[in-house]
Amino acid sequence: GMEKTLRTFLTLAALVLVIGGLRTADSFFLPFFSALFLAAISLPLQNFLLARARFPRPLALFSALLLNIAVLTSLSLLLGSAFSGVIEALPRYQELATSLLPTIAEKLQAWGLAVDVSTLRRSFAAVGSLGFLEKVASQVGQITGSAILILLMFGFMLAEAAGIKKKLSYLFVPANPYIAGIETGLADVSRYLALKTAISVVTWVLSGLWWAAWGVDFALLWGFFTFVINFIPSIGPAISFVPPMALALLTLDPWSAVAA
């Protein structure tokens with residue numbers, strides 16, 4: 001009994017230490033996984049430049065790095081201003097939503113639901129804070145502020161990926177079939193992420209144009225939200241419609257929002 005209790009206590013203590021360490025290293029993990037994602041989707045481009053375009057390895061790596069710098073710089077400029085605009089406009093949206101609460105309560109009561117305005121106000125106050133957007137903006141700001149670190153890690157990862165088979169052969173017997181399996185698996189994951197990213201970019205452009213055509217505010221930002229959330233299987237595309245649809249219901253007439 002005592003031994004089991006001690007083992008449980010040590011396990012919980014170790015778990016607390018691991019969680020605390022992960023939270024402390026949060027500023028490292030976000031840039032690390034950002035660099036890992038960029039390296040994964042850039043690997044097919046580097047392989048194409050090496051195999052088809054006959055680029056020397058340093059030039060292929062530099063080309064991929066230059067392309068990522070251009071894309072990240074453009075995204076930082078576009079999304080930075082968009083996030084600032086949303087945060088500035090949010091109090092106005094909250095006022096609009098608050099003014100609609102009596103009408104919403106009246107409609108719900110007409111449908112037989114016992115809801116009053118005060119209940120809706122409390123619910124809206126609980127979910128209508130700036131906390132979520134401020135957190136998202138801070139994460140985007142952290143990625144932007146760590147751009148140099150991300151690009152350095154990205155460069156090292158992409159350079160190391162080119163010789164992964166040779167490095168694995170040092171760990172295992174060169175004829176080991178697991179080496180080819182690992183290399184094939186990494187290539188498949190990289191191609192999948194690259195294809196998924198390309199599809200998500202097309203979805204970003206189309207959804208951004210769609211929301212802009214209906215006059216929804218910050219259409220570019222909602223398109224980017226669709227791009228990010230599209231990486232969640234199955235439910236991602238459905239979730240991506242919720243924020244812009246809610247904004248359309250708030251700022252446009254209901255028939256336009258439903259049509260959008």
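Fair warning: this is a prediction, and the values are worked out from it, not measured in the lab.
- Nearest heavy-atom pair across Gly223 and Ser207 is CA-OG, 3.5 Å.
- Expressed to the nearest 0.5 Å, how far CG of Leu59 lies from CZ of Arg54 amounts to 14.5 Å.
- Pairing each heavy atom of Met245 with each of Trp211, the nearest pair is N-CH2, 4.3 Å.
- Note: Phe227 and Trp204 have tilted aromatic rings, judged against thresholds of 30 and 60 degrees for the angle between ring planes.
- For Phe37, the ring pair (Phe, Tyr, Trp, His ring centres under 6.0 Å) partners at least two apart in sequence or on another chain are Phe231.
- Residue pairs that meet the ring-ring contact (aromatic ring centres under 6.0 Å, His included) test with at least one member in residues 53-79, sequence neighbours left out, do not exist here.
- Contact check for Ser34 versus Phe154: no side-chain heavy atoms found under the 4.5 Å cut-off.
- Rounded to the nearest 0.5 angstrom, Gln46 CD and Leu61 CG are separated by 5.5 Å.
- Under the 3.5 Å distance criterion, the side-chain polar atoms of Trp222 are matched with a main-chain donor or acceptor of Asp217.
- Residue Ile150 comes nearest to Ala35 through the heavy atom pair O-CB, 3.5 Å, listed as atom of the first residue, atom of the second, then distance.
- In this structure a side-chain-to-backbone donor-acceptor pair under 3.5 Å is missing from Lys196 to Arg191.
- Between Leu38 and Leu72, some side-chain heavy-atom pair lies under the 4.5 Å cut-off.
- Within the 4.5 Å cutoff, no side-chain heavy atoms of Thr197 are placed close to those of Ser200.
- Asn68 places a side-chain N or O within 3.5 Å of a backbone atom of Ala64 that can act as its donor or acceptor partner.
- Interatomic distance, Leu67 CG to Ser42 OG, rounded to the nearest 0.5 Å: 7.0 Å.
- Annotation for Val205: hydrophobic cluster partners, listed by chain and number, are Leu209 (ILVMFWY side-chain heavy atoms under 4.5 Å, direct or chained).
- Residue Ile239 is not grouped with residue Ile199 when hydrophobic side chains (ILVMFWY) are merged at heavy-atom distances under 4.5 angstrom, including chains of intermediate members.
- Transitive grouping of hydrophobic side chains (ILVMFWY, heavy atoms separated by less than 4.5 Å) brings Leu75 and Leu151 into a common cluster.
- When all heavy atoms of Ala40 and Pro44 are compared, the closest pair comes out as O-CD, 3.5 Å.
- Residues Ser63 and Leu49 approach most closely at CB-CD1, 3.8 Å, considering heavy atoms.
- How far OG1 of Thr73 is from CD1 of Ile69: 7.0 Å, rounded to the nearest 0.5 Å.
- A single hydrophobic cluster is not seen to contain both Val242 and Leu221; linkage of ILVMFWY side chains at heavy-atom distances under 4.5 Å, directly or through other members, places them apart.
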Evaluate Phe32 against Met157 for side-chain contact (heavy atoms from CB on, under 4.5 Å), listing each step before the verdict. CA-CA 10 Å; Phe32 174 79; Met157 290 176 182; 3.4 Å; yes
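- Grouping the Ile, Leu, Val, Met, Phe, Trp and Tyr side chains by contacts below 4.5 angstrom, directly or via other members, places Leu195 apart from Val228.
- Follow the hydrophobic side-chain contacts under 4.5 Å out from Phe224 and you reach Val71 in the same cluster.
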